[in-house]
Amino acid sequence: MQEINIQYFKTAYGELILGSYDDELVMADWRYRKMRDSIDSRLQTKLNAGYNEINNEVLDNTRQQLNEYFEYKRRTFDLPIRFVGTDFQKNVWKGLMKIPYGKTCSYLDLATSISKIKAVRAVANANGANAISIIVPCHRIIGNNGALVGYAGGVPTKKKLLDLENSLFTP
């Protein structure tokens, strides 16, 4: 059986689980989230791999780039990513990657951007199944009315991330 190398990463925003498989990042997810079992099951099943708590270069680079992001030194990420999900989910996650730093959009905007305007609810579900938080910026999705809606790391964390990206005091 293959292995997904994982590391726990405590930040001022919450604790993440970082995971790599075959030299690609497959997870940067909130450790304590409602869908933890579902995300873990999907990754392990689709990759036919178990978790092993070992560090590697991909995880080191991920920690470094996330720290730079938290310190206002990075707006985009340069990491090898492997999306693990259905083709529809992968399409949604690729759409998320196109939302610029400091910008937000609604589920409807995201659905429209990937030509799935009638699948807003499915787009929202795929957004919630994202296992690569922050780097795949699902925190940039807000409700049609501008409200901060659900987030795997919690709505207060979502607000902190959006505030970080919109800070007037960024160096």
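Nothing fancy with the numbering, it's 1 onward along the sequence.
- Contact check on Arg63 versus Asp60 returns a salt bridge, with a Lys/Arg side-chain nitrogen under 4.0 Å from an Asp/Glu carboxylate oxygen.
- Aromatic ring pairs are classed by plane angle as parallel below 30°, tilted from 30° to 60° and perpendicular above 60°; the pair Phe70 and Tyr13 is parallel.
- Trp93 contributes no side-chain N or O that, together with a main-chain N or O of Ala129, makes up a donor-acceptor pair within less than 3.5 Å.
- The CD atom of Glu57 lies 10.5 Å from the CD atom of Gln64; values are rounded to the nearest 0.5 Å.
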*Carefully, step by step, assess Phe9 and Glu15 under the rule side-chain contact (heavy atoms from CB on, under 4.5 Å).*
CA-CA 6 Å; Phe9 180 46; Glu15 189 171 3; 6.0 Å; no
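- A donor-acceptor pair is defined here as one N or O able to donate and one able to accept, closer than 3.5 Å; such a pair exists between the side chain of Glu165 and the backbone of Gly102.
- Taking CD1 from Ile132 and CG from Leu79, the interatomic distance works out to 9.0 Å, rounded to the nearest 0.5 Å.
- Within 6.0 Å of atom NZ in Lys160, more than 12 heavy atoms from other residues, nucleotides or ligands are found, so the atom counts as buried in its surroundings.
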side-chain hydrogen bond (donor to acceptor under 3.5 Å, both in side chains), that's the test. Do Asp40 and Tyr51 meet it? Break it down for me. CA-CA 9 Å; Asp40 293 342; Tyr51 288 163; 2.7 Å; yes
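- The backbone N or O of Leu110 lies less than 3.5 Å from a partner atom in the side chain of Ser113, making a donor-acceptor pair.
- Of the charged side-chain nitrogens involved, at least one lies within less than 4.0 Å of a carboxylate oxygen, so that Arg82 and Glu24 count as a salt-bridged pair.
- No hydrogens or angles considered: nothing links the side chains of Asp109 and Thr112 as a donor-acceptor pair under 3.5 Å.
- In this structure, Gln65 contributes its side chain and Thr62 its backbone to no donor-acceptor pair below 3.5 Å.
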Practice problem: Run the numbers on Thr76 and Tyr69 for side-chain contact (heavy atoms from CB on, under 4.5 Å), then give the verdict. | Solution: CA-CA 8 Å; Thr76 60; Tyr69 168 85; over 6 Å; no
Trace of the side-chain contact (heavy atoms from CB on, under 4.5 Å) decision for Asn125 with Phe88:
CA-CA 11 Å; Asn125 288 337; Phe88 181 82; over 6 Å; no
